[in-house]
Amino acid sequence: MTLFPEMCETVVSESILGRAREKGLVEINCRNIRKYTLDKHRRVDDAPYGGGSGMVIQAQPVYDCYKSLCEDLGKKPHVIYMSPQGTVLTQKKAIELLKYDNIALLCGHYEGIDERVLEEIVDEEISIGDYVLTGGELPAIIVADSVCRMLPGVLSADESFMNESHYNSVLEHPQYTRPEEWQGKRVPDVLLSGHHANIQKWQREKQLERTLAKRPDMLEKAELTKKDKEYLKSLKEIRCE
């Protein structure tokens with residue numbers, strides 16, 4: 001639900017999301033809030049009570065847009081308001097959102113949306129970081145991408161996202177492709193060996209090394225095996241020498 005559906009449509013029609021829509025693996029609709037205003041000039045905003053700079057989106061067009069969506073679905077979707085005041089998006093949150101069959105992403109603009117309609121329809125607020133943008137469209141696209149890419153069939157295999165950074169509270173291992181040597185730097189021999197067990201061991205060790213070096217805080221939430229813990233201990237001992 002947005003004032004700029006063309007902006008959103010352009011992004012979600014491309015690349016992996018675009019192909020997923022074409023295959024019918026996910027349905028993404030961009031609804032223009034302006035279509036639901038009662039103002040003959042299609043105005044959706046007004047000056048805020050109490051003064052202040054900027055304009056505020058009125059409750060009526062947002063609510064009517066929401067009601068139309070509910071009628072088309074035949075039920076209430078899970079409504080997320082994209083807001084810098086919301087819970088910061090994480091991979092864990094994206095996984096949690098997979099349980100909903102229908103999600104409505106409400107994009108604010110200007111100085112925000114009339115609080116009364118937010119209280120009436122919003123189930124949760126999500127932020128993509130501790131900063132402010134001109135509108136909720138880019139954050140909404142990010143939420144849609146982070147969730148939809150994990151739906152069955154969207155990526156070539158589940159491993160495509162299960163081994164990525166943040167999925168299991170560790171960072172992704174380094175990736176390489178042809179040629180085997182570039183500017184004097186070779187692909188690690190283990191990756192050329194064809195020995196799957198050794199490759200998996202190397203990849204896991206690199207995940208742990210990177211996480212310890214770049215985001216040690218993530219390891220507190222990671223599910224670590226006994227071997228993982230032993231390897232991390234050896235890394236810490238080396239760093240202390």
Side-chain angles (χ1 to χ4, degrees), residues 1-2 8 11-12 15-21 23-31 62 65-66 69-70 72-108 112-113 115 117-133 135-173 204 207-208 210-211 214-225 228:
M1 295 185 285
T2 170
C8 300
V11 178
V12 298
S15 189
I16 292 174
L17 276 190
R19 292 196 294 272
R21 292 176 79 190
K23 294 178 182 177
L25 299 173
V26 60
E27 183 177 350
I28 302 176
N29 297 300
C30 304
R31 296 205 172 212
V62 173
C65 181
Y66 162 77
L69 176 58
C70 291
D72 289 347
L73 288 173
K75 57 183 176 180
K76 180 190 184 304
H78 182 72
V79 181
I80 299 172
Y81 177 43
M82 304 311 306
S83 165
Q85 298 183 25
T87 301
V88 176
L89 178 67
T90 62
Q91 187 65 34
K92 181 180 178 181
K93 168 55 69 173
I95 294 171
E96 289 176 3
L97 293 177
L98 283 170
K99 67 182 180 183
Y100 297 105
D101 291 330
N102 298 283
I103 296 176
L105 301 171
L106 175 59
C107 306
I113 298 175
E115 186 70 19
V117 73
L118 299 180
E119 293 173 350
E120 186 71 19
I121 71 173
V122 172
D123 296 302
E124 67 174 314
E125 297 184 10
I126 289 181
S127 166
I128 60 167
D130 295 333
Y131 48 87
V132 179
L133 300 175
E137 285 73 24
L138 292 176
I141 291 168
I142 289 172
V143 170
D145 187 283
S146 67
V147 175
C148 290
R149 67 193 302 274
M150 292 187 290
L151 293 172
V154 173
L155 297 181
S156 58
D158 289 343
E159 287 77 9
S160 295
F161 62 82
M162 287 183 176
N163 290 325
E164 290 176 333
S165 297
H166 298 284
Y167 187 82
N168 292 310
S169 295
V170 291
L171 300 181
E172 188 176 9
H173 54 75
R204 183 58 177 176
Q207 285 183 315
L208 297 172
R210 284 195 160 188
T211 308
K214 298 180 178 182
R215 289 292 305 275
D217 56 296
M218 292 174 58
L219 292 171
E220 297 176 7
K221 303 175 183 178
E223 295 183 7
L224 302 174
T225 65
D228 290 339

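All heavy atoms count here, side chains included; hydrogens, waters and symmetry mates do not.
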Within the 4.5 Å heavy-atom criterion, are Leu138 and Ile128 side-chain neighbours or not?
no
Candidate pair Thr90 and Lys221, rule side-chain contact (heavy atoms from CB on, under 4.5 Å), full reasoning:
CA-CA 13 Å; Thr90 62; Lys221 303 175 183 178; over 6 Å; no
Within this structure, what is the CD-OG distance for the pair Glu125 and Ser83, rounded to the nearest 0.5 Å?
4.5 Å
To the nearest 0.5 Å, atom CG of Asp101 lies from atom CD of Glu27 at 12.0 Å
Would you name the heavy atoms of Cys8 and Glu137 that are closest together and state the gap between them?
SG-CG, 3.7 Å
Compare all side-chain heavy atoms of Thr225 with those of Arg204 and state whether any distance is below 4.5 angstrom.
no
Whether the side chain of Thr211 engages the backbone of Leu171 through a donor-acceptor N/O pair (distance < 3.5 Å, no angle test) should be reported.
yes
Heavy atoms only: give me the nearest Leu224-Leu219 pair and the separation to one decimal.
CD1-O, 4.2 Å
Residues Leu98, Val147; criterion side-chain contact (heavy atoms from CB on, under 4.5 Å); working and verdict:
CA-CA 6 Å; Leu98 283 170; Val147 175; 3.8 Å; yes
Min side-chain heavy-atom separation Val62-Ile121 under 4.5 Å:
yes
Contact check, side chains of Asp145 and Val11, non-hydrogen atoms, under 4.5 Å
no
Ile16 side, atom CD1; Leu25 side, atom CG - distance, nearest 0.5 Å:
12.0 Å
Yes or no on side-chain contact (heavy atoms from CB on, under 4.5 Å) for Leu69 and Asn102, after CA distance, side-chain angles and deciding distance?
CA-CA 10 Å; Leu69 176 58; Asn102 298 283; over 6 Å; no
Stepwise side-chain contact (heavy atoms from CB on, under 4.5 Å) check, Ile103 with Val143
CA-CA 10 Å; Ile103 296 176; Val143 170; 5.9 Å; no
For Asp130, does the CG atom have more than 12 heavy-atom neighbours from other residues, nucleotides or ligands under 6.0 Å away?
no
Which heavy atom of Leu105 sits nearest to which heavy atom of Met82, and what is that distance?
CD2-SD, 4.3 Å
Do you know the tightest heavy-atom contact between Val26 and Cys148?
CG2-SG, 3.5 Å
Please answer whether the main-chain N or O of Ile28 pairs with a side-chain N or O of Arg21 as donor and acceptor at a distance below 3.5 Å.
yes
Between CE on residue Met1 and CG on residue Leu106, distance to nearest 0.5 Å
4.5 Å
As an exercise, state the distance from OG1 of Thr87 to NZ of Lys92, rounded to the nearest 0.5 Å.
11.5 Å
Taking every non-hydrogen atom, the tightest pair across Gly86 and Ser127:
O-CB, 3.7 Å
Which value, rounded to the nearest 0.5 Å, describes the distance between Glu124 atom CD and His78 atom NE2?
3.5 Å
Closest contact, heavy atoms only, Ala94 versus Ser146:
CB-OG, 3.9 Å
Can you confirm whether Lys214 is buried at NZ, in the sense that more than 12 heavy atoms of other residues, nucleotides or ligands lie under 6.0 Å from that atom?
no
